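Quick note on labels: first sequence line is chain A, next is B, and so on, each numbered from 1. All values derive from a computational prediction rather than experimental measurement. Below, all heavy atoms of this structure are taken into account, side chains as well, without hydrogens, waters or symmetry copies.
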Number of protein chains: 2
Amino acid sequence: MSAEATRNAILDEAERLLGEVGYAAMSLRAVTQAAKANLASVNYHFGGKDGLAKAAMLRRIEPVNAERLARLTAIESKRRAPGGAAVREVVEAFVGPVLHLAAESGPMPCAMVGRMLTEEPPFLRAMLTEHFGPVAKRFATALQRAQPGMPIADAWWQLHFVVGAMTHTMLHLDLFLDLADKAVAPASADEITERLAAFCAAGARAHAKHAARMPAIATARTATKRRSTTNAAKPTRR
Amino acid sequence: MSAEATRNAILDEAERLLGEVGYAAMSLRAVTQAAKANLASVNYHFGGKDGLAKAAMLRRIEPVNAERLARLTAIESKRRAPGGAAVREVVEAFVGPVLHLAAESGPMPCAMVGRMLTEEPPFLRAMLTEHFGPVAKRFATALQRAQPGMPIADAWWQLHFVVGAMTHTMLHLDLFLDLADKAVAPASADEITERLAAFCAAGARAHAKHAARMPAIATARTATKRRSTTNAAKPTRR
DNA sequence: ATGCGGGTTAAACGACCGTTTGAAACAGTC
DNA sequence: GACTGTTTCAAACGGTCGTTTAACCCGCAT
C-alpha cells in the first residue's frame, strides 16, 4: 500500500518541478527530497528519469485528451448547430479541458505539459506526437468541417495558432501580468477561458477568410493541393 | 583582432545551442568545441555562462525591438488610417520584425529568444521584463488607441495572445508539420507572416468585442477598475 | 633584446548529476 | 518463528558540469 503512496508523492513533486524548471534542470535528488522518498526509489518505481517524466506526463495528458474527444463527439452528434458557432465550439472543446484541469489542479500540470513542448529529450517529442497526434488530427478535420470549403491545411494552421495562444497562456501568463504592471488583474479560470476562446475562434474564422484572398497563401495552397493529390495518386511518397 | 572573431564564433554557437536545447542543457564545452575556441575563453570574454547567454540574447533582442518601435511610430505618424486597419498594422509592426529576422538569419535566433521565455534562471526572466517591458507597454497602448473605448487590460490580453501564437510559431512549427503529416506544406516566411497577422489581428478585434459582452469578463473588469483606482488613491500599495 | 598586456591553452577543482549496489526493514504465508 | 517477495535505505560509482588556475604565446612599444 505504501508503494503507491510514494509513487504518487514522487509523481506530484516531479510534476511540480517539471512545470517550474523543466526536464533538464529537474534533479532526482530534489524530487525525492521534496517527496520524502529515497533517491533510489525513482529508479525502482519508474526505471529512471525518463520513465518518471513519462509517467508524470501521461497521468495528465490522457484524461485531458479523453475529455477533448468526448466534448468533440458531443458537439458533433448534436449536429444541428446554427453553423457559425461551430468553430467556437470546436475551439472550446480543445482548450476547455486544459483550462478545466488548470482550474481544479492548479497551474502545475499544464505548465509541465507546456514546458515539455520546448524540451529536447527525444522521448518527450515522441510522446507528444504519439498522444497528441491523433487528437490533433480529429480536431483539424472538425475545424475543416465547421468551415465548408476550407482546405485542411488552413485548419491545421488554425489549430497551430490556437495551441500557441493556449500554451503561452498556461506557461507565461504571470510574465504578462508582470509586464502589464498592475494594468491587468489576475484572472479567474472562467475569464481566461472566455478570452482565449473568443480570441482563437474569431482568429480562426478570420484566418480562413483572409487566407483565401492572400496571394502568398493562395499560391502556396494550390501547391499544397497539387502535392497532396500527387500523394494520393502515388500511394506512398517516401 | 582575433578577440572579436572568437567572441562572435562563440556567440554564434551559443545562439544555436540555446535555440536547440535551451540554457540548462547547453554546455560550455559543446559551445567552445563547436566554435573551435578554448573552454576558458567563455569565462574570459563573457564572465561565465550567464554572461554568454545574456550577450547572445541582447545581440538579437535589441535590433528587433528597435525595429518594432520604428515601425510603430511610422504607422502612428501617418495617422490617417481608415480606422479598421490599424489593429492589423499594430500587430504586423509587432510580429513583422521577428519573422523578418527569422527569414534572413534562420530560425535559430528566434528559437533562442522563444526558448528563453520558458527557461528558469532568474537573470533571464529579469532580462525579458527589462527589454520587452517598455516595448510591450507601447504596443499595448497602441492597441488600445486603435480600438477606442476598450480598456487597457483588454489590449494587454490581445498582446498576450499575439505573443503566444508568434512564439509558438517560432518554436514549434516543425512539430505541427509533423502532426499534420503531409497535410500542410512547409511555408514561406511571407505566408507565415500573412497567416499569423491575419489570425492575430482578427482575434484581437473579436476579443475586444466579445469581452465587452461576457459577464465573467465584465465583472472582472469592473473589479480591475476599482482596484486600479484604489491603487491610484493610495500612492504605493506594496 | 626586453618587458608587457591581451589572448589562448591544458589541466585541475569541487559540485552535482543519474544510476547502481547490497544490505536492511517490512509485509504476509506456511 | 522462519521464509519469501516487495519496498526502502545509505553509500558509492562514473561522469559531466561551470569555474579557476597558472603557464604560455605573441604583437608591440620601449
Side-chain angles (χ1 to χ4, degrees), chain A residues 1-57 59 112 115-116 119-127, chain B residues 1-57 112 115-116 118-127:
Chain A
M1 163 222 170
S2 184
E4 186 151 339
T6 62
R7 259 188 65 104
N8 284 338
I10 290 175
L11 280 178
D12 288 343
E13 276 305 317
E15 176 178 291
R16 190 178 64 84
L17 284 173
L18 284 177
E20 278 179 3
V21 305
Y23 177 83
M26 172 189 75
S27 84
L28 297 186
R29 284 170 170 83
V31 171
T32 52
Q33 187 170 335
K36 287 195 270 286
N38 188 271
L39 170 60
S41 60
V42 52
N43 275 277
Y44 177 79
H45 285 289
F46 301 99
K49 195 182 182 182
D50 293 13
L52 173 59
K54 207 178 292 191
M57 291 283 290
R59 190 172 64 143
M112 171 184 64
R115 207 174 279 268
M116 291 309 104
E119 298 274 351
E120 30 92 34
F123 77 93
L124 279 172
R125 168 64 67 105
M127 257 191 61
Chain B
M1 165 219 169
S2 185
E4 186 149 339
T6 61
R7 258 187 66 104
N8 284 338
I10 290 174
L11 280 178
D12 288 343
E13 276 305 317
E15 175 178 292
R16 189 178 65 84
L17 284 172
L18 283 177
E20 277 178 4
V21 305
Y23 178 82
M26 172 188 76
S27 83
L28 296 187
R29 284 171 171 83
V31 171
T32 52
Q33 187 170 334
K36 289 195 264 291
N38 187 269
L39 169 60
S41 60
V42 165
N43 277 276
Y44 178 80
H45 286 289
F46 302 98
K49 195 182 182 182
D50 293 13
L52 173 59
K54 208 179 290 193
M57 292 284 289
M112 171 183 65
R115 206 173 278 269
M116 291 309 104
T118 313
E119 298 275 352
E120 31 91 36
F123 77 94
L124 279 173
R125 168 62 68 105
M127 256 190 60

Of Tyr44(A) and Ala25(B), the one whose closest nucleotide on DNA chain D sits nearer the 5' end is Tyr44(A)
Between dG7(C) (P) and Asn8(B) (CG): distance, integer Å: 13 Å
Check Arg59(A) with Asp12(A), please: is the shortest side-chain N to carboxylate O separation under 4.0 Å? yes
Distance in angstrom units between Phe46(A) CZ and dT19(C) C1', rounded: 16 Å
What is the separation between atom CG on Asp50(A) and atom C1' on dG18(C), rounded to the nearest whole Å? 10 Å
Just the rounded figure in Å: distance from P of dG18(C) to CD of Gln33(A). 13 Å
Between atom CG in Leu39(A) and atom P in dT19(C), what is the gap in whole Å? 10 Å
Base, sugar-phosphate, or nothing for Ser41(A), non-hydrogen atoms under 4.0 angstrom? nothing
If you take all heavy atoms of Glu119(B) and Tyr23(B), which pair is closest and at what distance? OE2-N, 3.0 Å
Picking from dT9(C), dT19(C), dT21(C), which would you name as closest to the side chain of Lys49(A)? dT19(C)
Can you figure out which of dT8(C), dC17(C), dT19(D) approaches the side chain of Ser27(A) most closely? dC17(C)
Answer yes or no: does a side-chain N or O of His45(A) lie under 4.0 Å from OP1 or OP2 of dT8(D)? yes
Where Ile10(B) and Ser41(B) come nearest, the two heavy atoms and their spacing: CD1-OG, 3.5 Å
Of the candidate nucleotides dC17(D), dG18(C), dT21(D), which contains the atom at the shortest distance from the side chain of Arg29(B)? dC17(D)
Counting side-chain heavy atoms from CB outward, which of dT9(C), dC9(D), dT19(D) is closest to Ala40(A)? dC9(D)
Atom-to-atom span, CD1 of Ile10(A) to P of dT7(D) - whole angstrom: 12 Å
Taking OP1 and OP2 of dG7(C), is either one under 4.0 Å from a side-chain nitrogen or oxygen of Asn38(B)? no
Using atom CG of Asn43(A) as one end and atom P of dT20(C) as the other, report the distance to the nearest whole Å. 6 Å
Side-chain N or O of Thr6(B) versus OP1/OP2 of dG7(C): is the shortest distance under 4.0 Å? no
Specify the separation, in whole Å, of atom CG of Leu17(A) and atom P of dG18(C). 11 Å
Smallest separation among heavy atoms of Leu18(A) and Arg115(A), with atom names: O-CD, 3.2 Å
By side-chain hydrogen bond (donor to acceptor under 3.5 Å, both in side chains), which residues pair with Arg16(B), not counting sequence neighbours? Glu13(B), Glu20(B)
